[in-house]
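Keep in mind that what you see is a predicted model, and the values were worked out from it rather than measured.
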Amino acid sequence: MKKGEIYTGVVESVDFPNKGVVLVEDQKVIVKNTIPGQKISFRIQKKKNGRCEAQLLAVEEAAKEELSRENPEVCPHFGICGGCQYQTLPYEKQLALKQAQVKKLLAAVVKGEFLFQPIEGSPIAKGYRNKMEFSFGDEVKDGPLALGMHKRGSFYDVVTTDACNIVHEDFCKILKATKSYFEELGVPFYKKMQHSGYLRHLLVRRAVKTGEILVALVTTTQTGMLKDIDLIAKEDRGQVEEIEKAQKAQKVEQRLIEAWVKKLLELDLEGRFAGILQIQNDSLADVVQSDCTKILYGEDFFYEELLGLKFKISPFSFFQTNSLGAEVLYEKVREYIGDTRDKVVFDLYSGTGTIAQIAAAVAKKVVGVEIVEEAVEAAKENAARNQIFNCEFLAGDVLKVVGTLEDKPDLIVLDPPRDGIHPKALEKIIGFGVDKMVYVSCKPTSLARDLVVLQERGYKVEKVCCVDMFPATGGIETVCLLSKQEI
């Protein structure tokens, strides 16, 4: 096999998160975004040190259990949008595949026997996401305005995902209304290479339990290019009296944004708007962040409920993207934590304090550590709102903070970011010598790596359970219970 050559083959298996395995001439070839049983064509891209990677060209034959692309259960954007990879697999097959991936990873590193519990599925497999960050752009160079997700394999091209089936219909209505409004007026989107343009992102968050919606239009401060937009014709459609065309760019922007808000408020939605915002961002990086946030309507937050607790959510608050799935996950965490009566619990990488508050019911004290200061402040507010007063939340890097803590834990809960735990931080955590740890992982490869160290230092894996928070995608949460062994 040589770079550039094209082959066909059948996908034997898929390793986490999306690495399809095809055998060609007894050589294992990795082809991403495939499904076991598919016959595919692919082009060799890399061949180095016995490892071979290829680009998927086409699915020549579907796997036996796959749904047809025309099936109404399958998102119409599947295969073009880069967001999902398992849309054509029935949900029970998705769960079986993810469970097998994690089991294979852990079987390679876990010593001795352990209980691998059946995977827990999401209560709903469609319309489950409570947050989306849509990008403005075009699907082809100099094409019409698009608003949605990046095209698979592309950093620049954007696909309008106005029928996405992993979000509530309210998301799609807001997306359609926003796109049509700005497209009709010819408002330019921000071009990353030229660092020029106005529209960047549309952030939408929706609470499942309360139906409250928070929308933020992310723009640059480049208003000069707006001065020639004809707002009179647009305003005349919704108002009796005419308004004089603004001469200054700032005035045009004000009219532009006001009319956009009015259009959103006229939508027939199942939920209701808690707030509509404008976020200005002039960063060169393609990330959603705020240099300045303006409240255009309502508030800059809403409330969501989990397991009887109430949480305040702002535009950039960390919160699990699947609210109903989060309840399943945290119930499993609570089960693994067990009795916390009169115990001191450390919740490391605590986010907005969800796990800490769950563990606090009968605990002596819970100490949460989180590097994101906004999340720490939110955790403090949430705990006070829920009348929980035995939680202490500290802002800082776990690596630096754990060595300064005066309390001695009886139990440690770990819920690190995707890359897992810094090796030096892990050594400090092990140094506490607690009898039990509960590790919550959103990336099983990172969990597998950390388990090697934990086992070397005297901890045994007792049981593991996967919780699917991300139907139709390759993502999976894993909860692991470890106990300290006598040496």
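If you look at Phe182 and Phe189, their ring centroids are not closer than 6.0 Å. Between Tyr303 and Phe301, the distance from one ring center to the other falls under 6.0 angstrom.
Ser483 and Gln485 are linked by a side-chain donor-acceptor pair at a separation below 3.5 angstrom, with hydrogens and angles left out of the test. Residues Glu139 and Thr160 have side chains that never bring a donor and an acceptor to within less than 3.5 angstrom of each other. The closest side-chain donor-acceptor pair between Ser122 and Asp468, if any, does not fall under 3.5 angstrom. Of the N and O atoms on the side chains of Lys332 and Gln117, at least one donor lies less than 3.5 Å from an acceptor on the other residue. Using modelled atom types and a 3.5 Å distance limit, the side chains of Glu253 and Tyr198 yield a donor-acceptor pair. Side chain to side chain, Gln38 and Glu66 meet the donor-acceptor criterion of an N or O pair below 3.5 Å. Side-chain polar atoms of Asp300 and Ser314 form no donor-acceptor pair below 3.5 angstrom.
More than 12 non-hydrogen atoms from other residues, nucleotides or ligands lie less than 6.0 angstrom from CD of Gln289.
One distance of note links SG of Cys480 with OH of Tyr459; it measures 12.5 Å at 0.5 Å rounding. Between the CG atom in Leu348 and the CD1 atom in Ile421 there is a gap of 8.0 Å [rounded to 0.5 Å].
The salt bridge (charged side-chain N to carboxylate O under 4.0 Å, His left out) test applied to Lys312 returns Glu381, not counting sequence neighbours. Not counting sequence neighbours, Tyr156 has no partner by the ring pair (Phe, Tyr, Trp, His ring centres under 6.0 Å) test.
With a 4.5 Å cut-off on side-chain heavy atoms, Met132 and Arg205 do not count as touching. The side-chain heavy atoms of Asp415 and Thr354, taken from C-beta on, include no pair separated by under 4.5 Å. Side-chain contact check for Ile371 versus Val398: every heavy-atom pair is 4.5 Å or farther apart. Counting heavy atoms from C-beta outward, Val372 and Phe318 have side chains that stay 4.5 Å or more apart. The closest side-chain heavy-atom distance from Val467 to Ile119 is not below 4.5 Å. At least one side-chain heavy atom of Leu277 sits under 4.5 Å from a side-chain heavy atom of Pro315. Between Val453 and Glu427, the closest side-chain pair of non-hydrogen atoms falls below 4.5 Å. With a 4.5 Å cut-off on side-chain heavy atoms, Ile337 and Lys343 do not count as touching.
A salt bridge is absent between Glu304 and Lys209: the closest approach of a Lys/Arg side-chain nitrogen to an acidic carboxylate oxygen does not fall below 4.0 angstrom. A salt bridge between Arg206 and Glu212 is absent, with no side-chain N of the basic residue lying under 4.0 Å from a carboxylate O of the acidic one. A salt bridge does not link Lys179 with Asp162: none of the charged nitrogens is closer than 4.0 Å to a carboxylate oxygen. Salt bridge Glu377/Lys380: present, at least one basic N to carboxylate O contact under 4.0 Å.
In this structure, Lys192 satisfies the cation-pi test against Phe155, with its NZ or CZ atom closer than 6.0 Å to the six-membered ring centre and inside 45 degrees of the ring normal.
The one candidate from Ile358, Asp407, Val413, Val345 that meets the side chain to side chain contact (heavy atoms under 4.5 Å, CB included) condition with Val366 is Val345.
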